Chemist: 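Quick one: the structure is below, questions incoming.
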Amino acid sequence: LSDSLPKYRDTIRAKLAALGGTMATIEQGFQDAMPDGEVAQLMPGGKTKPTPMEVTVVPDKPGQFEIVGTFIGPVLGPLGTIAIVFVLVLFMLFYMEDLRDRMVSVISRRGVTVTTQAMSEVTRRISRYLLMTLIINASYGIPVGIGLLLMGVPNALLWGLLAIILRFIPYLGPWLAASFPIILSFAISPGWELTIGVTAMFLVLELISNNVVEPWLYGSRTGLSPLAIIVSALFWTWLWGTAGLLLAVPLTLILVVSGRYVPQLRVLHTLLGDDPG
């Protein structure tokens, strides 16, 4: 891809020049439509306001180590956090049953059976939810790859794979995945038809996935009603922001399962679960 980008330089320049000409034409039209008294800025005494002199500040050229530190510094922190989280999750998965037994002993020694059943059901439902997320992402990324391939966008399979991976990021991921093919279609096509077609394809697929596929699959496979999926996303996002959006369905599943085993929380199971009213 990087080797082929210089080939599209002339197309990009022509489109940017066309956009610049269009904006200049619009601006000239506004100036022609406005009266002269509104365009000119007069100072007291009838003199025109002098145009300020433009000054450009040129900073000192940074050294090689400063340039490297500027790019690497912001990356090392997130990479270290990802590594720590990965190791922690790995060990928790290795000792999952032992951790569950210890938590059951801490939470309730009297109701060991009920607590174990509740935790097992929560684990099963959340695992099913993660599997459904992977299936939904694949059902989104595969049409993206096929559609881009039929439209003639280079590296179509790469963009379809990125769509599957990036869609694990709530809301932001799909648009990150769409930005690369849209920018590439802008660069390779002399006209606007390809760019408009790629953008429309992503919009249609996103609308279908968000409003039809996700509520149907999540609701039928996780034990939550389709309305509960939307309400939980709104509530947890309002409460915790991005972290709440990422954890909305697992947290709501825990509440619904708890309502099945705890009488005081049964109202949550009745309102949010998929059992008939």
Side-chain angles (χ1 to χ4, degrees), residues 81-82 85-86 88-90 92-93 96-97 99-100 103-104 107 114-144 161-178 202-203 205-277:
T81 304
I82 292 173
V85 171
F86 178 76
L88 180 62
V89 171
L90 196 63
M92 291 177 68
L93 290 176
M96 180 177 61
E97 294 183 359
L99 288 175
R100 184 197 62 185
M103 290 183 63
V104 169
I107 295 174
V114 176
T115 308
T116 304
Q117 290 176 353
M119 294 186 67
S120 299
E121 185 172 348
V122 167
T123 303
R124 185 175 64 255
R125 290 196 182 190
I126 292 179
S127 300
R128 192 180 301 167
Y129 159 73
L130 295 176
L131 178 61
M132 288 301 104
T133 302
L134 178 60
I135 294 175
I136 290 173
N137 291 356
S139 66
Y140 176 87
I142 292 175
V144 165
L161 179 61
L162 278 180
I164 295 175
I165 297 174
L166 291 175
R167 214 172 183 279
F168 280 98
I169 305 175
Y171 289 96
L172 182 61
W175 301 113
L176 287 176
F202 276 101
L203 287 174
L205 288 176
E206 190 64 26
L207 288 173
I208 294 175
S209 180
N210 284 341
N211 297 287
V212 178
V213 180
E214 286 187 9
W216 174 59
L217 282 180
Y218 284 157
S220 62
R221 300 293 181 180
T222 60
L224 295 177
S225 64
L227 182 60
I229 301 289
I230 301 175
V231 172
S232 65
L234 293 174
F235 173 76
W236 293 110
T237 304
W238 167 77
L239 189 63
W240 284 343
T242 305
L245 177 62
L246 185 62
L247 300 173
V249 173
L251 289 173
T252 308
L253 277 174
I254 293 174
L255 293 177
V256 170
V257 174
S258 300
R260 187 173 183 177
Y261 292 93
V262 180
Q264 292 81 358
L265 301 177
R266 189 169 298 277
V267 62
L268 296 176
H269 181 268
T270 304
L271 293 177
L272 303 178
D274 61 346
D275 293 340

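Residue numbers count from 1 along this sequence. Nothing here was measured: the structure is a model prediction, and the numbers come from that model.
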Chemist: Does any N or O in the side chain of Ser209 come within less than 3.5 Å of the main-chain N or O of Leu205, such that one atom is a donor and the other an acceptor?
Modeler: no

Chemist: Between Tyr261 and His269, is any pair of side-chain heavy atoms under 4.5 Å apart?
Modeler: no

Chemist: Which heavy atom of Leu162 sits nearest to which heavy atom of Ala177, and what is that distance?
Modeler: O-CB, 4.3 Å

Chemist: Which pair of non-hydrogen atoms, one from Pro143 and one from Ala138, has the smallest distance, and what is that distance?
Modeler: CD-O, 4.1 Å

Chemist: Hey, what do you get for CG (Leu130) to CZ (Arg125), rounding to the nearest 0.5 Å?
Modeler: 14.5 Å

Chemist: Considering only heavy atoms from C-beta outward, does the side chain of Tyr129 approach that of Thr133 to under 4.5 Å?
Modeler: yes

Chemist: Given the rule in the side chain to side chain contact (heavy atoms under 4.5 Å, CB included) test, do Ile135 and Met132 qualify, once you have shown the distances and angles that lead to the verdict?
Modeler: CA-CA 5 Å; Ile135 294 175; Met132 288 301 104; 3.4 Å; yes

Chemist: Taking side chain to side chain contact (heavy atoms under 4.5 Å, CB included) as the criterion, tell me which of Leu253, Leu255, Leu247, Val249 meets it with Leu251.
Modeler: Leu247

Chemist: How many angstroms lie between atom CG of Leu161 and atom CG of Asn137, to the nearest 0.5 angstrom?
Modeler: 11.5 Å

Chemist: To the nearest 0.5 angstrom, please state how far the CE atom of Met119 sits from the CD1 atom of Ile254.
Modeler: 9.0 Å

Chemist: Which pairs with one or both residues in residues 223-248 pass salt bridge (charged side-chain N to carboxylate O under 4.0 Å, His left out), sequence neighbours excluded?
Modeler: none

Chemist: What is the distance from atom CG of Leu203 to atom CD1 of Ile208, rounded to the nearest 0.5 Å?
Modeler: 11.0 Å

Chemist: Might you point out which heavy atoms bring Arg260 and Arg266 nearest each other, and give the distance in Å?
Modeler: O-NH2, 3.8 Å

Chemist: Please report the shortest heavy-atom distance between Ser232 and Ala248, naming the atom on each side.
Modeler: O-CB, 3.8 Å

Chemist: Please report the closest heavy-atom contact between Ser258 and Leu265, naming both atoms and the distance.
Modeler: CB-CD1, 3.9 Å

